[in-house]
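Data first, discussion second: the structure below is written as structure tokens.
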Amino acid sequence: MQKFTVTNDHDVSISAITLGATWKAFNIPGKDGKPENVMLSMPSSDEYMKNQYFCQAIGRTAGRITKGTFSINGQEYHVDANEGTTTLHGGPHGFNTQIWNGAFDGDSIVFEKHIDSSEDSFPGNIDVKITYTLSDDNEVTISYTAKSDADTLFNPTQHAYFNLSDGQNVYGQSLQINADKYLELNKDKTPTGKMVAVDDTPYDFRDPQNIKLGIDDMKAEVGHTYDEVYVINDHNDDDPIATLTDPESGRSVAIKSNRNVLVVFTPDDLDGVKFDRGAGVPHMGIALEAQNLPDTPNHEGFGSVLLPKGEEKTYSISYKATF
Ligand code: FUC
């Protein structure tokens with residue numbers, strides 16, 4: 001396994017590793033000027049292999065595909081399931097399970113991989129390129145490019161878990177999301193197809209909201225922590241879709257993307273997981289995953305994540321640090 005690091009002129013740096021094209025570090029100075037890693041990272045490859053998805057690249061399709069079944073141009077496909085009958089985050093052989101070929105391209109970190117249809121069960125053999133770039137104004141851009149030899153689906157994301165504080169949990173941090181609606185989910189967390197207004201619910205992050213208060217309200221009113229699919233409002237590509245802020249350390253990360261979804265996940269149970277910050281505790285990080293609507297082909301009005309044969313498609317997500 002290899003690790004690649006890029007540092008800019010403001011003491012901001014990023015590291016990424018070839019296992020899972022994982023975003024291992026985003027070091028941002030705090031009020032004291034000392035850079036700390038705001039990604040929920042792990043100390044060893046063993047730990048990354050035991051605990052999937054932590055800050056890893058997700059593909060071909062982020063989120064859940066109902067019964068691992070979808071149609072493209074009238075042809076039905078069944079892909080491998082890895083959560084009961086559901087295909088989660090690209091299935092059992094998704095991007096996060098691959099060892100990528102890593103290299104520097106100038107100041108960018110580039111991961112490339114050819115994935116055969118026979119390997120991950122999705123239609124089409126694809127060539128994928130994931131690029132990490134850190135700018136001098138402290139913005140990280142991750143882009144995902146793919147080309148397939150048959151029509152297929154492509155809806156990648158980065159499963160970034162953030163903790164901007166110097167402490168163990170995200171309770172002091174606040175989150176703002178540019179979303180009037182979220183997806184209603186079935187018990188197995190697949191979408192019902194319905195979008196629900198956030199008004200007067202703990203789902204409402206249109207104004208910055210303290211995460212601890214939000215989790216408490218969710219538990220009291222809805223019965224569980226956040227594991228939600230926010231439908232991002234129409235916006236200019238230059239406007240952040242979400243901003244995470246830690247008043248205590250002075251760090252903040254604004255996410256920009258032209259994707260129409262942000263998944264927000266605040267895991268209760270990180271027991272037994274070893275992180276660089278220490279032993280896993282509840283709400284040690286918050287996952288913010290910019291993507292397109294999940295289970296797309298199975299719901300009318302969800303748009304398209306089709307990657308047509310022979311066409312190259314690129315999706316990007318940017319994370320701008322201020323401190
Ligand atoms: C998020 C959630 C899932 C899952 C995964 C690791 O995308 O929506 O429920 O637990 O992360």
Side-chain angles (χ1 to χ4, degrees), residues 19-23 39-42 47-66 68 80-97 142 144 153 155-163 170 175 177 179 181-192 195-196 202-203 205 211 214-215 218-219 222-232 241-242 244 255 257 259-273 275 280 282-296 298-299 302 305 315 317:
L19 169 64
T22 302
W23 191 1
M39 310 311 293
L40 209 47
S41 64
M42 293 175 183
E47 207 58 26
Y48 278 107
M49 306 229 280
K50 267 195 273 170
N51 306 283
Q52 288 204 90
Y53 309 125
F54 282 92
C55 305
Q56 297 187 314
I58 303 294
R60 307 184 189 191
T61 51
R64 293 176 168 87
I65 298 178
T66 305
D80 295 341
N82 55 343
E83 192 184 67
T85 61
T86 302
T87 301
L88 171 66
H89 293 332
H93 304 101
F95 290 0
N96 65 298
T97 65
I142 308 179
Y144 311 81
L153 304 183
N155 184 7
T157 188
Q158 202 71 20
H159 207 303
Y161 285 86
F162 295 95
N163 182 340
V170 295
L175 178 65
I177 312 173
K181 291 181 193 151
Y182 65 96
L183 289 192
E184 183 182 76
L185 302 177
N186 293 305
K187 271 219 162 61
D188 65 3
K189 296 187 183 174
T190 56
T192 66
M195 297 182 187
V196 184
Y203 292 84
F205 280 94
I211 293 170
I215 292 173
M218 275 299 279
K219 294 214 166 166
V222 185
H224 55 75
T225 193
Y226 292 104
D227 187 0
E228 312 304 335
V229 184
Y230 283 88
V231 183
I232 298 301
I241 60 171
L244 182 67
I255 302 176
S257 175
R259 319 296 290 278
N260 58 12
V261 154
L262 185 77
V263 171
V264 176
F265 179 42
T266 50
D268 287 334
D269 183 14
L270 295 174
D271 225 26
V273 188
F275 294 101
H283 314 130
M284 198 168 200
I286 180 166
L288 300 174
E289 310 152 56
Q291 56 168 92
N292 285 53
L293 283 159
D295 206 21
T296 322
N298 293 323
H299 303 278
F302 271 27
V305 295
Y315 288 110
I317 312 168

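The basis for the numbers below is simple: all heavy atoms, side chains too, and nothing from hydrogens, waters or symmetry mates. As the structure lists them, so they are numbered: ligands from 1, and atoms in each ligand from 1.
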request  = Decide side chain to side chain contact (heavy atoms under 4.5 Å, CB included) for Tyr315 and Thr157; before the verdict, give the C-alpha distance in whole Å, the side-chain angles of both, and the deciding distance to 0.1 Å.
outcome  = CA-CA 9 Å; Tyr315 288 110; Thr157 188; over 6 Å; no
key: N/O separation below 3.5 Å, His89 to ligand 1   = yes
request  = Could you tell me which residues satisfy salt bridge (charged side-chain N to carboxylate O under 4.0 Å, His left out) with Arg64, sequence neighbours excluded, listed by chain and number?
outcome  = Glu83
query = Where does the angle between the aromatic ring planes of Tyr161 and His159 fall among parallel (under 30°), tilted (30 to 60°) and perpendicular (over 60°)?
reply = parallel
note = Residue set satisfying side-chain hydrogen bond (donor to acceptor under 3.5 Å, both in side chains) with Thr225, at least two apart, ordered chain then number -> Thr266
request  = For atom 11 (O) of ligand 1, find the nearest protein heavy atom and state the residue, atom name and distance (0.1 Å precision).
outcome  = His159 NE2, 2.7 Å
note = For Lys189, the ligand 1 atoms with a heavy-atom partner under 4.0 Å come out as 9 (O)
message = Quick check on the 6.0 Å ring-centre criterion: do Tyr226 and Phe205 meet it?
response = yes
ask   = Hey, does the side chain of Asp188 reach the backbone of Thr190 with a donor-acceptor pair shorter than 3.5 angstrom?
value = yes
request  = Would you mind running through ligand 1 and noting each atom that sits below 4.0 Å from a heavy atom of Glu289?
outcome  = 1 (C), 7 (O)
key: Proximity winner for atom 4 (C) of ligand 1, if only heavy atoms of Gln52, Gln56, Arg64, Glu228 are counted   = Arg64
Subset of ligand 1 atoms that lie under 4.0 Å from at least one heavy atom of Tyr53 = 6 (C)
query = Which protein heavy atom lies closest to atom 8 (O) of ligand 1, and at what distance to 0.1 Å?
reply = Asp227 OD1, 2.6 Å
